[in-house]
Structure formats: structure tokens, C-alpha cells
Amino acid sequence: ERKDHNKFVVVPPTYRVDIFREIDLVEEIARISGFQEIPVRTPSVRASEETRFWELEVSSRARWIMTSMGYTEVITYSFISPKLVEALGAAEGHYLMNFVRLLNPLTVDQSVMRTSLVPGLLMAARQNLSYGEKALKLFEWGKVFFDKGKDRQPEEKYHVAGLLTGSVTPKKWHSKERMADFYDIKGVVEALLENLGAGEPLFKRPTEFPGLDEEVSANILFEGQIIGHVGQLSGEVIEASDLGKGEFFVFEMDIECILPSLTREKKFIPFARFPAVYRDISIVVSKEVESSTIKGIIQQEGGGLVESVDIFDVYEGQGNPQDKKAIGFRICYRSAERTLEGDEVNRIHEKIIDRIRQKTGGRLREG
């Protein structure tokens, strides 16, 4: 029944229970008249002045990098049980216990919003282990939430985290099995940040993250700021999480801390025109001295003539005191403008050795 030029009153037959909205009538008209009768028009769309949200691009790049290294993405619940964080050893007052609590949780196991991605990774690992999977490489990209007080919105941050356990090189006829260690997960962090365009991080002990072995863990620093943690799970956490036997390595980073440093630009460095000069140095220092400290001294004293510094040996054992270790460095000297003379390199090399002695109290290893 037509009411006016723009309005109809329609009562559908009782057997057409699917018609109860205006759009249902429009669809019926189009179906009866024929969809081909509807003219094709380009919709009027106004271009947005907003730039693309950074998370879409960065998360896509991070996922590509992690999967390229053999890791599998998992997606876990944002709602967790506080007991999962307590199992990590987080004490009352720790920032991981600053939960956003739900007023009407569906279950006790989902009563708070997560403050870390690690508990979700541990649950995923436990489930996969129960299915007989022993070698796991898992990662997750997602939000964590922190309570900001009454009548205030929670703080939300994007984190990326990973878990590694089992063998990284399976036993074959031509190779032996090699189990995962701390340096494997540390290398993942370095590769992820480097390929995102952030640059090289710094690792410092001790870590502030609970549940990690104090001797096999470190804070991840970038431009002087702690952005995350990496290390081996302690035996207490493994037992509390019902993960069975084995060694488990995890990392977690606040990805928003490095956003200002991310770049998509790729710079070409011309191939070297002049030959390199290599010098090896083995320094005996206290076990408390980190290799990055010595590496920094070498690069600072060598200036632009030090092209690279690589560690080729770390020795702790017979011939060294119990509190000492010997670290071997291979230094590459090269100039982009001329061929270096042997005497010049020797002077720089001796200067570097003297400064290492002064700063670390170390000595050259004999033999």
C-alpha cells in the first residue's frame, strides 16, 4: 500500500519469514526484476587524509621475518588467568601483575587481560608437547594491557614474543643433532630488529623479567632503552607450567618503542676498493665483563678504520682461573680511501689493546 511518493507499507506473506527489513524488500525487487537491470555506477568515495596505521605494515613485515626463520604464528586469548603470570614468579607489585580485571568473566581462567604474551606461548607449547611435538618454534604478535586506574582506559601496547625448544638441527646421516640454546633465540631477536630496519640491539644482564634463569638471560636494549627480555626459562617455571623436561627459550619485545627508528630505506654500500688487514686478539678478562664492552672499545679506538669486529672464540677451562674467560676477536681494518700500511695498523692495534687493559683489567692470552 502506497502511503506517499516515498513510502510503502508492505506486509509479507506468512511463509516468507525471511522478509522483515527494508533491505529484504529491495533484494526481492532486484531478484524479480533482474540484477542485470541495476545500473553499474562508481561510488563516490572521498580520499582519506589519514596515513595507513603503522601496525598493519610492521606486523606484516615481522610475521614474514619470523616465518622465514621457521617460526609458526600462534594466536592466543587476550583473557588469561592471573595464575599463569604468578607461575612466572611475578611478585605482587610487579608490572606484570597490573591487571585489567573483568567484571563478568566467562571463566576463572579468563578473568584478567594479559600483561605479557609469554603465558600464552607456554600454553601453546604445552599443548603441542602433549601431541608429541618436541621441536617448537612459536611466535605471537598481539596487544598487552595494563591497568591505569579507575575511570581511565587501559594502556595498550603491541608486543612480539617467541618461544624455542628442542632441536634446531635434527639428526641426519650427514649431521648430528643440535639442541637449541640461548644464542639461537638471541639471534632471532637480532635478525628481527635488523630486518625491520631498527638496527643492532644491545643485551645486558641481569634481566627484569621474572621466570628467566639469571645466568642465561638478558635485557634487550635499543638506543639506551629497555625494550624487552630474552633468556632461558627457569626450572621452577617449567615445572609450574607443566612443560615436562627440556630447555625452553623465550623473548618478548615492546615493538612500539622502536617505531621512531624503523626505516624502509635500503642504502647501498659500495664494494671495497682497497684490501683489508686482519688482526686477531685474545683477551683474558673477568667473567663479569661482557664481550659487547670490549667490542665497543675496539670500534671507538679504531674509528673509521675498523670495518668489523667478530668473536671467533670464547674459552673457559684449563689454563684460566675459575673467574676468568678468554675471548678471541678478529678485527678487520680497512680504509675506503687508500691502502693501509702495516705500521699504521700496528699502532692502532696496540692502542686498542692498551685501552682494553685500562678499561677491563684484562690481559693478552698467551699461546
Side-chain angles (χ1 to χ4, degrees), residues 181-183 185-187 189-191 193-194 198-209 212-232 251 253 257-258 261 272 276-337 340-367:
D181 60 25
F182 170 77
Y183 297 101
I185 197 74
K186 175 175 175 282
V189 173
E190 292 172 327
L193 291 178
E194 180 182 355
E200 186 176 357
L202 185 64
F203 299 89
K204 284 282 188 181
R205 293 186 301 170
T207 182
E208 300 174 355
F209 194 83
L212 298 181
D213 189 315
E214 292 183 359
E215 297 298 322
V216 196
S217 61
N219 288 329
I220 306 170
L221 283 80
F222 186 78
E223 296 181 349
Q225 180 183 7
I226 297 177
I227 64 170
H229 319 277
V230 59
Q232 179 179 346
F251 78 85
M253 289 188 292
C257 291
I258 64 172
S261 301
V277 179
Y278 292 91
R279 292 285 189 274
D280 291 347
I281 178 175
S282 185
I283 299 290
V284 179
V285 294
S286 169
K287 289 184 178 179
E288 300 302 319
V289 177
E290 297 182 351
S291 60
S292 59
T293 301
I294 302 177
K295 186 176 179 180
I297 295 172
I298 295 172
Q299 292 172 328
Q300 181 179 6
E301 294 300 319
L305 297 182
V306 173
E307 184 177 79
S308 64
V309 182
D310 296 309
I311 299 174
F312 66 85
D313 182 47
V314 178
Y315 176 74
E316 300 177 16
Q318 187 175 0
N320 275 346
Q322 290 186 352
D323 61 339
K324 302 290 184 180
K325 62 182 176 182
I327 309 176
F329 295 89
R330 175 157 294 171
I331 308 173
C332 174
Y333 297 95
R334 194 197 306 264
S335 171
E337 302 172 351
L340 294 177
E341 298 291 338
D343 291 341
E344 180 182 8
V345 174
N346 290 338
R347 287 195 301 271
I348 298 173
H349 197 66
E350 289 298 326
K351 181 182 176 183
I352 288 173
I353 294 174
D354 290 340
R355 184 52 61 94
I356 292 174
R357 286 170 173 162
Q358 295 172 12
K359 293 277 189 176
T360 67
R363 60 176 175 82
L364 285 178
R365 182 184 178 190
E366 299 177 358

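In this text, all values refer to a predicted model and were calculated from it rather than measured experimentally.
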Distance (rounded to the nearest 0.5 Å) between [X] [atom1] and [Y] [atom2]:
X: L221; Y: S292; atom1: CG; atom2: OG; value: 10.0 Å
X: E290; Y: L202; atom1: CD; atom2: CG; value: 7.5 Å
X: I327; Y: I294; atom1: CD1; atom2: CD1; value: 4.5 Å
X: I353; Y: I281; atom1: CD1; atom2: CD1; value: 4.0 Å
X: E288; Y: K324; atom1: CD; atom2: NZ; value: 10.5 Å
X: I283; Y: I297; atom1: CD1; atom2: CD1; value: 9.5 Å

Original post:
Should V230 and F182 be marked as a side chain to side chain contact (heavy atoms under 4.5 Å, CB included) after you check the CA-CA gap, both sets of side-chain angles, and the distance that decides it?
Top reply: CA-CA 8 Å; V230 59; F182 170 77; 4.2 Å; yes
Original post:
Would K359 and T293 count as a side chain to side chain contact (heavy atoms under 4.5 Å, CB included) if you check the C-alpha gap in whole Å, the side-chain angles of each, and the deciding distance to 0.1 Å?
Top reply: CA-CA 9 Å; K359 293 277 189 176; T293 301; 6.0 Å; no
**OP:** Decide yes or no on side chain to side chain contact (heavy atoms under 4.5 Å, CB included) for F329 and D310, but give the supporting numbers first.
**Re:** CA-CA 6 Å; F329 295 89; D310 296 309; over 6 Å; no
Subject >> E316 atom CD: more than 12 heavy-atom contacts under 6.0 Å >> reply: yes
**OP:** Take atom CD of E344 as the centre, draw a 6.0 Å sphere, and report whether it contains more than 12 heavy atoms from other residues, nucleotides or ligands.
**Re:** yes
Does [X] reach the main-chain N or O of [Y] with its side chain, forming a donor-acceptor pair under 3.5 Å?
X: N219; Y: F203; result: no
X: D213; Y: G231; result: no
X: K325; Y: N320; result: no

What's the shortest heavy-atom distance between [X] and [Y], and which atoms?
X: H349; Y: D280; result: NE2-O, 3.9 Å
X: G362; Y: V285; result: CA-CG1, 3.8 Å
X: R330; Y: F312; result: N-CD2, 3.7 Å
X: F222; Y: S261; result: CE2-OG, 3.3 Å
X: N346; Y: R279; result: OD1-NH2, 3.0 Å
X: V309; Y: Q299; result: CG2-CG, 4.1 Å

**OP:** Answer yes or no: is there a side-chain heavy-atom contact under 4.5 Å between R205 and S217?
**Re:**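 Heavy-atom side-chain distance check fails, nothing below 4.5 Å.
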Original post:
Tell me, do E215 and Q232 make a side-chain contact under 4.5 Å, heavy atoms counted?
Top reply: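 Side chain of E215 against side chain of Q232, heavy atoms only: no contact under 4.5 Å found.
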**OP:** Give the C-alpha distance, both sets of side-chain angles, the deciding distance and a yes or no for side chain to side chain contact (heavy atoms under 4.5 Å, CB included) between I258 and M253.
**Re:** CA-CA 10 Å; I258 64 172; M253 289 188 292; over 6 Å; no
Original post:
Taking 4.0 angstrom as the limit, do D323 and K287 come out as a salt bridge?
Top reply: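 Salt bridge absent between D323 and K287.
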Subject >> Carboxylate-amine/guanidinium contact D354 K351, below 4.0 Å >> reply: no
